[in-house]
J.: 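Dropping the structure in here first, questions after.
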Amino acid sequence: MVTTVIPVEPFDLVIFGGTGDLARRKLLPALFQRWRARQMPENARVICVGRQPLSDESYRSRIETSFREFPVPCVEDREALGEFLNGICYARVDVNGSDGWSELRRMLRQDVIRAFYLSVAPSLFGVITAMATEWKLVSPDCRIVVEKPFGHDLASARNLNAELSGRFDERQIYRIDHYLGKETVQNLMALRFGNSLFEPIWNSQYVDHIQISVAESGGIGGRGSYYDEAGAMRDMVQNHLMQLLCLIAMEPPAQFEADAIRDEKLKVIKSLGRVAKDDVVRGQYLSGPGVASYRDECGDPVSETESFVALRVHLDNWRWSGTPFYLRTGKRLRSTLTEVSVAFKDPVHWIFEEQANRKGTSLTIRLQPNEGITMRMTIKDPGPGGMRLTEVPLDMTFAEALGSNAEAMPNAYERLVMDVIRGNQTLFMRGDEVEAAWAWIDPIAAGWADLPGGLYMYDPGSDGPVQSHALLHRDRRDWQGL
Ligand code: BG6
């Protein structure tokens, strides 16, 4: 495999929220990697905006310190780090007032690509875009990048969309779901549409069910106040799991092109059926040895927010009618793992003796960590003793198959930020997609209070509440992995 770096055009990237966590931990480290790879042109400029009075020098030295703390890969490359930091400027702007805007305008060049990255609370999207327009920072081709959470429900997402679309064309708006920037998530499309093997059997005639698990061993950390408002459903299902579901379930797009793909994803979301109350399991983690409980971490001793959710979901469309999708995500689970597993039906006519504990053929795509694919196959148990069957994994990890090229894969933010500059919206969510996702989530979240079992507690380091197993056992199935 050849790694090809195609340099992007010169740009001015303005990051609002320049002193925040996302800028320090994800965006600037991602840009540094792209700088090292020589994808960023020498005259690219990154302008980080914040409220604090800081000189360029003191901002750069803060960034250098946090790069060393994390640490960011290749931070020891002093020459590249020095060059990269020199291209970063700091601008103090009062986004609610008039201070700093004219200086910011003076810093922007006319003949380069211009992008604004709103790494701030969604409540500031409206005011920042209004001020940027008033101060004439907005050019006809500029790009605006917004982070999740994109709203809290359908109504708030609609408001945000209205605020943005009042000032920008949809082709200028880049709504980030960083899962779409992950190499292995894009691989779902390569696997499905780049091999003729799978597509003919990728439907309810051959697929028994599909599982999507996004498990994390960490807790909510210092994000208690945000997370307690969101919960696993809004933090993870509405966006990341929904995107995985779309890529797994969508029809082949006619072209590999942003709107062709987003049209197909939208159709998947719109075909999601109503979720019955007994098809939802909500959980929250307790304390364990050396680990605080969810309630202690979020600071609310009676919080009813879920840190785990499992759902049985169905798609009311021609391809998937009758094939359930089981989704689960949670924090403080046994391991950190993102995995999609496609379980195939048995052959229509079974000629062998029935065998207990046979799980059947499945294709598991591990998205992280240890990215790869495992196909579980039925074969004959070798040796004498008649025609006994056994199951073996055909295992491929990308790291083994691709060698050092697998390690050189850009992380999600590296790819996404470069795509913004390139003007490629394929890996970003369109406004109607986000609204459709909320339209499906809202009634489920509105029914929390009426769930038959309420909120189930689970031990940290487990695989969530036992009731999530019951969800599958009821259908004579089992969760895989974890
Ligand atoms: C974020 C969520 O969007 O994704 C976090 O807000 C979650 O709660 C994170 O931990 C997981 O991302 P990743 O890339 O570590 O799988």
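Just follow the structure's listing: the first ligand is 1, and inside any ligand the first atom is 1. In this chain, residues are counted from 1 in sequence order.
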J.: Note the single closest protein heavy atom to atom 14 (O) of ligand 1, along with its residue, its atom name and the distance in Å.
T.: K182 NZ, 2.6 Å
J.: Scan side-chain atoms only and decide if S341 and T364 contain a donor-acceptor pair under the 3.5 Å cut-off.
T.: yes
J.: So does A215 get a backbone contact from the side chain of S213, meaning a donor-acceptor N/O pair under 3.5 Å?
T.: no
J.: Show me which atoms of ligand 1 lie under 4.0 Å from any heavy atom of H240.
T.: 1 (C), 3 (O), 4 (O)
J.: Using only atom types and a distance under 3.5 Å, with no angle test, would you say the side chain of R422 pairs donor to acceptor with the backbone of V8?
T.: no
J.: If I compare all heavy atoms of R143 with all of I421, which pair ends up nearest, and what's the gap?
T.: NH1-O, 2.5 Å
J.: Under 4.0 Å from a heavy atom of K148: which atoms of ligand 1 are those, numbered in the order shown and with their elements?
T.: 1 (C), 2 (C), 3 (O), 6 (O)
J.: For atom 12 (O) of ligand 1, what is the closest protein heavy atom, and at what distance to 0.1 Å?
T.: H178 NE2, 3.1 Å
J.: Quick one: nearest non-hydrogen protein atom to atom 9 (C) of ligand 1, plus distance?
T.: E216 OE2, 4.1 Å
J.: For a quick check under 3.5 Å, do D395 and T374 share a side-chain donor-acceptor pair by atom type?
T.: yes
J.: Please list, in number order, the atoms of ligand 1 under 4.0 Å from a heavy atom of K331.
T.: 5 (C), 7 (C), 8 (O), 10 (O)
J.: Judged by modelled atom types alone, do Y458 and S307 share a side-chain donor-acceptor pair under 3.5 Å?
T.: yes
J.: On a heavy-atom basis, I'd like to know which of D235, N239, T338 is closest to atom 2 (C) of ligand 1.
T.: D235
